[in-house]
Visitor: 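Here it is: the structure, laid out below.
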Amino acid sequence: MVYWANGTAGIYRVATLEPFRGQGIGTAVIVTALQAAKASGPRRAAVQATPKGELVYRRRGFREVGKIDIYRMPSGREPVDLLWPLRDQRLQCFAAEVDIFPDMSRHEPEGFCLTWRRRHMASTNIPRPEHPDPQRFRNTWINLNGPWDFAIDAGRNGLNAGWASTNAWPGQRPITVPFCPESKLSGIEIKDFMPGVWYRRSFQVPAEWKGQRVRLHFGAVDFDCRVWVNGTLLGRHIGGYTPFWFDVTDVLKSGANEVVVYAVDDARAGKQPGGKQSDQYGSYDCMYTRVTGIWQTVWLEAVGQAFVQELQIVPSEDLSQVSILAEINGTTCGMRLRAEAFLDGKSVGVWQGPAGALTAANLTLKQVELWDLGKGTLYDLVLEVRDCGGKTVDRLESYFGLRKLEIRDKKFYINDKPVFLRTVLDQGFWPDGIYTAPSDAELKADIERSLACGFNGARLHQKVFEPRTLYWADKMGYLLAGEMGDWGMDLNDPVSHDAFVADWAASVRRDRNRPSLILWTPFNETHGRRFNTHDKDRHDGLLRMVYDLTRQLDPTRPVIDASGYVHVVTDIYDIHNYEQDPAKFAVLFEALKTAEPGNVFRNFPKVDILYDGKMPYFVSEYGGIWWNPAEAANAKAWGYGQRPATLEEFLRRFDGLNKALLDNPGICGFCYTQLTDVEQEVNGLYTYDRKPKFDLAIIKGSITAPAAIEKE
């Protein structure tokens, strides 16, 4: 059995247990960290259950390095399968071989963990306890999710009224972070517009963090956010989709500290990207419940006086090396950077050299294993900043995948093999959490649901998704297209441009190291929807500038300037079409089979650039066949085209539309609308609560039928 480890104290044994059902296996309260006395790599160990119910390791050469209270232990990347009572703590360790003794095999892990999880969650009250971004993991972190004080500032007067420093607010109530106040999981569930919202909670910093810098992180706050700690304004962040942090070291005090957050949100002004958030009182058509304030994890993190702040990882063309570009914050005089790559717990490459504000490293790999479709092979990467005496002052754990991505002959090639993009539109909404998944397991499960339908990837639509969505895609070999939630912004307004560009650039920097992500699409449908009176020069200049910026931040992936329309400069020509008659649908793309590609379907021929016949042609939205008999009488129910009268009619239409695209040798891929229903939009293959509507074997058979470009 393989498990993973965080930090230098890589192996854990249970020292004290609370008996469970008299079987001697129960909730661990204290664990003892063990470390190889003279080793920096992985170690093999065996675990044994003693008659008293203790789990101990049998291994020479390990020494104790201290006891850790697991209720304060930092979370790692994913559940551990080694010790069932500890599974929800997500301990990370270097790979180890574990012998499970017969008396342990009598226990049922899932039932046991559910019982333990309920007990643990009731005592700690931390929803979404996992680390929010495994590509930026440090074991010195504290999750600040859970109960916060909350108040709505309908008149946006709280700032002038001194709410940042008061002990109570009018209408104050508890909220559960990281869920937005519109959601059921937040405990608030108010769907009306909330122009301003306030949050407050206390926290303590562990004594062992003394001498380190402490950062306060926010995964995402919608939209314009100010943060105070102990009454001191730390700063302001504008943008609803990307992470930000403040250094709080100098304002901390012993004992309890207080953080206050004020967020302003206006989905109707046209000055901010909002994605699919409704600009009306209620949701309608393909516009859904709004999101206000905090909607991703909040956490504290301790770093060294010099630490890795930003990281870019680029595999070499022959995949035998990775180039690492590390931005180091703090004084680097006399410092060194050490980078080590691991594959299945085995060290496969080391680089070390002087550290500067911007440090470049070429790490040669002794073993090359490719990341591929359905095979998410990942290398672990450990970066350490060390002082002149060799002491580690900062340690960052990340990962990367090795895969070759290129476009040639109007096709996508992954590892030199042509791949037809069988993708699905994923809106990233949840019935009880809105923008935020109720659990990490559900993020993974949505990918599993897509794979069960035969799709090999998704277009992450009108939203920058949680980092753990991309992590699971990386782990599972699932392709992604990254997109910004640009709907809601007025393309004539430079203020909205500023907000968009800053958030988009941050999203590219956040996700450019992820092997699952193969395509950037910053905009969606920039003409012909609401803002069809935009100034053409301003529109074209914005799209061209964002295209260039994206390529500069990440030259390794193709960019679609505006998915569907209107294209100005793009690496892939994509279109949206919701024709429901398969025969008429196929005719639209017949020109791709001839020498007249300029006659192929374009969404807005009068303003769109011509298709040159050299770029890949991607049907990035189609289908949208609404089917949900339970919603037949709902006047708000919405989908594209005419609703099928019977299930059989749906399946014929579905297969016919797919076949029209799969059989065309000029088409590189498709994106079906959509994975799940969302509120009143009922064109998903699953209901909003994630129940399949159809026989998935039939759906998968249609989606996975051989494509023309795969037959050549």
Side-chain angles (χ1 to χ4, degrees), residues 6-9 40 74 131-142 203-218 227-230 232-237 242-254 257 259 298-314 322-341 349-363 380-400 502 505-506 509-510 512-513 553:
N6 59 8
T8 56
S40 59
H131 191 278
D133 189 353
Q135 277 206 329
R136 294 166 174 84
F137 176 80
R138 289 180 174 88
N139 60 10
T140 48
W141 80 287
I142 295 174
F203 64 88
Q204 291 191 4
V205 175
E208 56 267 28
W209 287 10
K210 184 178 181 180
Q212 300 185 78
R213 308 295 299 179
V214 179
R215 301 198 294 173
L216 174 61
H217 288 264
F218 295 84
V227 178
W228 295 259
V229 169
N230 295 330
T232 299
L233 177 62
L234 299 176
R236 182 178 181 182
H237 179 267
T242 51
F244 58 97
W245 58 270
F246 299 106
D247 190 318
V248 300
T249 311
D250 296 336
V251 298
L252 293 175
K253 59 185 181 181
S254 60
N257 294 268
V259 54
V298 183
W299 74 102
L300 288 170
E301 177 187 56
V303 299
Q305 295 297 325
F307 62 92
V308 178
Q309 177 173 308
E310 187 57 67
L311 178 65
Q312 186 171 9
I313 308 168
V314 180
V322 287
S323 296
I324 300 170
L325 191 64
E327 296 179 26
I328 299 179
N329 185 312
T331 301
T332 58
C333 181
M335 297 285 186
R336 295 181 66 80
L337 180 68
R338 185 180 191 274
E340 184 168 14
V350 178
W351 179 95
Q352 52 188 334
L358 195 62
T359 305
N362 288 319
L363 179 60
D380 287 299
L381 178 66
V382 177
L383 296 179
E384 293 181 340
V385 179
R386 297 180 175 182
D387 63 19
C388 57
K391 179 183 177 181
T392 298
V393 298
D394 183 59
R395 176 187 172 95
L396 176 72
E397 297 181 26
S398 188
Y399 67 81
F400 61 88
R509 288 193 298 267
R510 192 195 79 175
R512 60 189 173 185
N513 296 328
L553 290 171

Visitor: According to side chain to side chain contact (heavy atoms under 4.5 Å, CB included), who are the partners of V248, at least two apart in sequence or on a separate chain?
Guide: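 With sequence neighbours excluded, V248 shows a side chain to side chain contact (heavy atoms under 4.5 Å, CB included) to V214, L216, V229, L234, V251, L252, given in chain and number order.
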Visitor: Looking at residues at least two apart in the chain, or sitting in another chain, which of them share a side chain to side chain donor-acceptor pair (under 3.5 Å) with S323?
Guide: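 Counting only residues at least two positions away or on another chain, S323 forms a side chain to side chain donor-acceptor pair (under 3.5 Å) with N362.
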Visitor: Taking only residues two or more places apart in sequence or in another chain, which ones pass ring-ring contact (aromatic ring centres under 6.0 Å, His included) with F307?
Guide: none
Visitor: What is the minimum heavy-atom distance between L363 and A339, and which atoms define it?
Guide: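 Between these two residues, the closest heavy atoms are CD1-O, 4.0 Å.
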Visitor: So Q312 and E310, do their side chains get closer than 4.5 Å, heavy atoms only?
Guide: no
Visitor: Quick one: list whatever passes ring-ring contact (aromatic ring centres under 6.0 Å, His included) with F244, sequence neighbours left out.
Guide: F218, H237, F246
Visitor: Who are the ring-ring contact (aromatic ring centres under 6.0 Å, His included) partners of W351, not counting sequence neighbours?
Guide: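 W351 satisfies ring-ring contact (aromatic ring centres under 6.0 Å, His included) with no other residue.
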Visitor: Residues in side chain to side chain donor-acceptor pair (under 3.5 Å) with R336, at least two apart?
Guide: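 With neighbours one apart ignored, the set is empty.
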Visitor: Going from CD on Q204 to CG on N257, what distance comes out if it is rounded to the nearest 0.5 angstrom?
Guide: 8.0 Å
Visitor: Could I get the full list of side chain to side chain contact (heavy atoms under 4.5 Å, CB included) partners for A306, not counting sequence neighbours?
Guide: I328, M335, V385
Visitor: In plain terms, say whether R395 and E397 are close enough for a salt bridge, that is, a side-chain N and a carboxylate O under 4.0 Å apart.
Guide: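 Yes, R395 and E397 are salt-bridged.
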Visitor: Do I313 and F400 touch side chain to side chain, with heavy atoms closer than 4.5 Å?
Guide: yes
Visitor: Which distance, rounded to the nearest 0.5 Å, do you find between the CG of L396 and the CG of L337?
Guide: 10.0 Å
Visitor: Quick one: CZ on R386 to OG1 on T392, what's the gap to the nearest 0.5 Å?
Guide: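 Answer for the CZ-OG1 pair, R386 versus T392, is 4.5 Å.
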Visitor: Run the side chain to side chain donor-acceptor pair (under 3.5 Å) test against D394 and tell me which residues pass, sequence neighbours left out.
Guide: R138
Visitor: Say whether, by atom type as modelled, one donor and one acceptor occur between the side chain of N513 and the main chain of L311 under 3.5 angstrom.
Guide: yes
Visitor: Within the structure provided, determine whether L383 and S398 are in side-chain contact (heavy-atom separation under 4.5 Å).
Guide: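 They are not in side-chain contact.
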Visitor: Does a side-chain heavy-atom distance below 4.5 Å link H217 with L300?
Guide: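 Not in contact.
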Visitor: Over all heavy atoms of both residues, which pair between W245 and N329 is shortest? Give the atoms and the distance, please.
Guide: CH2-ND2, 4.2 Å
Visitor: Determine the minimum heavy-atom distance between T332 and G356, stating which atoms define it.
Guide: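 Taking T332 first and G356 second, the nearest heavy atoms are OG1-CA, 3.8 Å.
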Visitor: Do T249 and D247 have side-chain atoms, one donor and one acceptor, less than 3.5 Å apart?
Guide: yes
Visitor: Under the side chain to side chain donor-acceptor pair (under 3.5 Å) rule, collect the residues that match up with D133, sequence neighbours excluded.
Guide: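 So D133 forms a side chain to side chain donor-acceptor pair (under 3.5 Å) with R136, R514.
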Visitor: What residues form a salt bridge (charged side-chain N to carboxylate O under 4.0 Å, His left out) with R215, not counting sequence neighbours?
Guide: E301
Visitor: My understanding is that only residues two or more places apart in sequence, or in another chain, count here; which of them pass side chain to side chain contact (heavy atoms under 4.5 Å, CB included) with A302?
Guide: T140, W209, Q212
Visitor: For L553, what residues pass the side chain to side chain contact (heavy atoms under 4.5 Å, CB included) criterion, not counting sequence neighbours?
Guide: A505, V508, R509, R512, L549
